[in-house]
**Q** 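Structure provided below as C-alpha cells; questions to follow.
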Number of protein chains: 2
Amino acid sequence: MPLDSKTLCLGALDAGYNTGYDIRKAFEDGPFQLYQSLSYGSIYPALNALLADGLVTCTEQAQDGRPDKKVYAITEAGRTALRAALLQPLGFDRLRSEFMFALAFAHLMSPGQVSRLLDDYARGYRELAEDLACTDADPPPGRRFLVRLGQEGCLTWARCVEKHRAALEADLTARDPAVAAGAGTGD
Amino acid sequence: MPLDSKTLCLGALDAGYNTGYDIRKAFEDGPFQLYQSLSYGSIYPALNALLADGLVTCTEQAQDGRPDKKVYAITEAGRTALRAALLQPLGFDRLRSEFMFALAFAHLMSPGQVSRLLDDYARGYRELAEDLACTDADPPPGRRFLVRLGQEGCLTWARCVEKHRAALEADLTARDPAVAAGAGTGD
DNA sequence: ATCAGCATGTAAGCCGTTACATGATTAC
DNA sequence: GTAATCATGTAACGGCTTACATGCTGAT
C-alpha cells in the first residue's frame, strides 16, 4: 500500500498542483494521467486527512466571480512522508486492457469489427501521445523522464499494434472463406 | 461494464481453461496476465452465476489423490453472450504504475535509490516478456496477436526505459553536486 | 517434515467510483 | 439559452482482494 490516495495527493502537491480541483486535473489530463487516477471522492477526504496530520497546510482564498479556493501546500513533514512512501517496495505495473482481452476472441467477431477496433485503439494511443506533449515547462528531472517515456511509450505501442495487425487480419480472413471471397457475411 | 468477472470467465472458458483453478492460472501466469486479473473470490461466484444462466455447463469429475474437479464448458448461449459483451464499447486501457509515479519524484531520492528502482523495473519487464513466451501451441489468431504484442511490448518498454534513464541519472547528479563529486550523501 | 500444488468456496472489509448537491460566470 | 469551467464536498453503491476454511499428494 505504498501509493494510496493520500500519497498521491502529496505528490501532486509537490508537483505544484495546489487545490483539490487542480489535483484532479493532474490525474485527468496532466502528467500523471497515464499512470494513476484519482477522483474527487478520494481527493477531498485525503486532503482533509493530510491537513489533520500536519502534512499539508491550507489557506482559504476568496475569488471574485469564482468559488472560494482552498490552496494547499506540502509541509516538510509531508515531503518526508512522501519520500518514505515512495521508497517502500512498489507493486509492479498493472495494465488493464479491455481491448487486448477482447482481441483474444477475434475469431468470434467479423473481420470488419476487428479492423474497426484496431483502428480506434491505435488512434487512441496516438492521441494520448499528443496530449502528453502539452505539459509544464522546466519540470524536475523525474517528471521530464515520465513525460518523455509516456510519449514514446504510447507511440511505440501504437506502432507495435499497427505492425502486427496485418498478420492478425490475414489469419482471420484465411479462416473465413466467405469474407476472403468477398461475399460479405452480414458484417 | 463490458468486461465484468462473468465475461472474463466466459473468455477463459472459450480459451480452453475449464476449471475455476485453471481460470485463475490463465489470469495469473497465462496469456491474459498482462491485461486483466481475476482471483478466486470473483471466479467461483461468477461460474455459479453463469451456470444458473445456462451460459456454461458443469461436469463433476472425481480424481484419485486430488480433490474433485468441476469441469466447465461454455454453451452456445454463452458464446453468444461473450460475443455481445466484447462488441459493446470498450473502455480505454488503464495503466497503473507505482514506479512511474514514484520516479516523478526522483529529486526526493538519492541517485543510488533511483538507479536501483530503474534496474528492478526494467528487469521486471524483461522477465515478463520471457514468461509470456511459454504459452500454448496453435492458438487462434487473436490469442497469437495478444501474446506477440505482449512480448514485444514488454521488451520495447524495457528498452525505452533503458534508453532514457541515462538522461535522468545525469540530470540528477548534476543537481546534486556532492554526489557528482563522489562525496556520498548517506545513500 | 514441511512446503508447494491441486481444488473449491465464503465472508468481510476496503477503497474507489459514481452520482448528487450547490452555484456563479463565461463562452457558444 | 445552454453547456462548460471553476470549486468543494458527501453518501451510497459496487466490486475486487484478502483472508480464512479444508484436505490430500508429491517433492525436497
**Q** How close or far is atom C1' of D:dA7 from atom CG of A:Leu47, stated in whole angstroms?
**A**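 These atoms are roughly 13 Å apart.
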**Q** If you measure from CG on B:Leu95 to CZ on A:Arg96, what distance do you get to the nearest 0.5 Å?
**A** 11.5 Å
**Q** Name the orientation class of the two ring planes belonging to A:Tyr125 and A:Tyr121 (parallel below 30°, tilted from 30 to 60°, perpendicular beyond 60°).
**A** perpendicular
**Q** Please work out if B:Asn48 contacts a base, only the sugar-phosphate, or nothing of the nucleic acid, heavy-atom cut-off 4.0 Å.
**A** nothing
**Q** OH of A:Tyr44 versus P of C:dA19: gap in Å, rounded?
**A** 18 Å
**Q** List the residues meeting side-chain contact (heavy atoms from CB on, under 4.5 Å) with A:Leu117, not counting sequence neighbours, and say none if there are none.
**A** A:Phe99, A:Leu103, A:Met109, B:Leu90
**Q** Could you pull out every donor-acceptor pair under 3.5 Å between side chains of residues 78-85 of chain B and any protein atom, sequence neighbours left out?
**A**
from    : atom 1 : to       : atom 2 : distance (Å)
B:Arg79 : NE     : B:Asp14  : OD1    : 2.9
B:Arg79 : NH1    : B:Glu76  : OE2    : 3.4
B:Arg79 : NH2    : B:Asp14  : OD1    : 3.4
B:Thr80 : OG1    : B:Glu76  : O      : 3.0
B:Arg83 : NE     : A:Leu108 : O      : 2.8

**Q** Among residues 26-33 of chain B, which residues get a heavy atom nearer than 4.0 Å to DNA chain C?
**A**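 Residues of residues 26-33 of chain B under 4.0 Å from DNA chain C: none.
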**Q** With a 3.5 Å cut-off and sequence neighbours excluded, list the donor-acceptor pairs that the side chains of residues 21-36 of chain A form with protein atoms.
**A**
from    : atom 1 : to       : atom 2 : distance (Å)
A:Gln33 : NE2    : A:Asp29  : O      : 2.9
A:Gln33 : NE2    : A:Gly30  : O      : 3.4
A:Tyr35 : OH     : A:Leu146 : O      : 3.3
A:Tyr35 : OH     : A:Gly150 : N      : 3.4
A:Gln36 : NE2    : B:Ser97  : O      : 3.2

**Q** Atom CG in A:Asp4, atom OG1 in A:Thr7: separation rounded to 0.5 Å?
**A**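 Reported value, rounded in 0.5 Å steps: 4.0 Å.
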**Q** Provide the full list of salt bridge (Lys or Arg N to Asp or Glu O under 4.0 Å) pairs with a residue in residues 34-47 of chain A, sequence neighbours left out, each pair given once.
**A** none
**Q** With each end axis built from five pairs of C1' atoms, what bend angle do you get for the helix from C:dA1-D:dT28 to C:dC28-D:dG1? Round to 10°.
**A** 40°
**Q** Is there a side-chain contact between B:Leu132 and B:Cys154 in this structure, where contact means two heavy atoms from C-beta onward sitting under 4.5 Å apart?
**A** yes
**Q** What residues, two or more places apart in sequence or in another chain, satisfy side-chain contact (heavy atoms from CB on, under 4.5 Å) together with B:Asp120?
**A** B:Arg123
**Q** Expressed as a whole number of angstroms, how long is the span from B:Gln36:CD to D:dG15:C1'?
**A**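 So the CD-C1' distance, B:Gln36 to D:dG15, works out to 14 Å.
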**Q** Restricting to nitrogen or oxygen on both sides, can you table the protein-nucleotides 20-28 of chain C pairs closer than 3.5 Å?
**A**
none

**Q** Under 4.5 Å between any side-chain heavy atoms of B:Leu155 and B:Arg126, yes or no?
**A** yes
**Q** Find out whether B:Cys9 and B:Leu50 are in side-chain contact, i.e. whether some heavy atom of one side chain is under 4.5 Å from a heavy atom of the other.
**A**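 They are in side-chain contact.
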**Q** Calculate the interatomic distance between B:Gln61 atom CD and C:dT8 atom P; express it in whole Å.
**A**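 So the CD-P distance, B:Gln61 to C:dT8, works out to 11 Å.
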**Q** Could you go over nucleotides 16-18 of chain C and give all protein N or O partners under 3.5 Å, atom names and distances?
**A**
from   : atom 1 : to      : atom 2 : distance (Å)
C:dT17 : OP1    : A:Ser37 : OG     : 2.9
C:dT17 : OP2    : A:Ser39 : OG     : 3.0

**Q** For DNA chain C, whose closest nucleotide is more 5', that of B:Lys70 or that of B:Lys25?
**A**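 The answer here is B:Lys25.
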**Q** Could you state the atom-to-atom distance from CD1 of B:Ile43 to P of D:dG15 in whole Å?
**A**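 The distance from CD1 of B:Ile43 to P of D:dG15 comes to 16 Å, rounded to the nearest Å.
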**Q** Can you sort out which residues in residues 13-24 of chain B have a heavy atom within less than 4.0 Å of DNA chain C? Ascending by number, please.
**A** B:Thr19, B:Gly20, B:Tyr21
**Q** If you look only at pairs with a residue in residues 139-155 of chain B, which of them pass as a side-chain hydrogen bond (donor to acceptor under 3.5 Å, both in side chains), with sequence neighbours excluded?
**A**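 Listed once each, the pairs are A:Lys163-B:Glu152, A:His164-B:Glu152, B:Asp136-B:Arg143.
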**Q** Are OP1 or OP2 of D:dA7 and a side-chain N or O of A:Gln63 less than 4.0 angstrom apart?
**A** yes
**Q** Who pairs with A:Arg165 by salt bridge (Lys or Arg N to Asp or Glu O under 4.0 Å), at least two apart in sequence or on another chain?
**A**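 Expected list: A:Asp119, A:Glu169.
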**Q** With a 4.5 Å limit on heavy-atom distance, are the side chains of B:Leu47 and B:Lys70 in contact?
**A** no
**Q** A:Cys160 and B:Leu149: which non-hydrogen atoms are nearest, and at how many Å?
**A** SG-CD2, 3.3 Å
**Q** Considering non-hydrogen atoms only, spot the tightest contact between B:Tyr72 and B:Thr19 and give its length.
**A**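 Of all heavy-atom pairs spanning B:Tyr72 and B:Thr19, the closest is CD1-CA, 4.5 Å.
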**Q** Once you round it to whole Å, what is the distance between P of D:dG23 and CG of B:Asp68?
**A**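 Distance, rounded to whole Å: 14 Å.
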**Q** A:Glu60 has an atom CD; how far is it from atom P of D:dT8, in whole Å?
**A**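 Spelled out: CD on A:Glu60 to P on D:dT8 is 9 Å.
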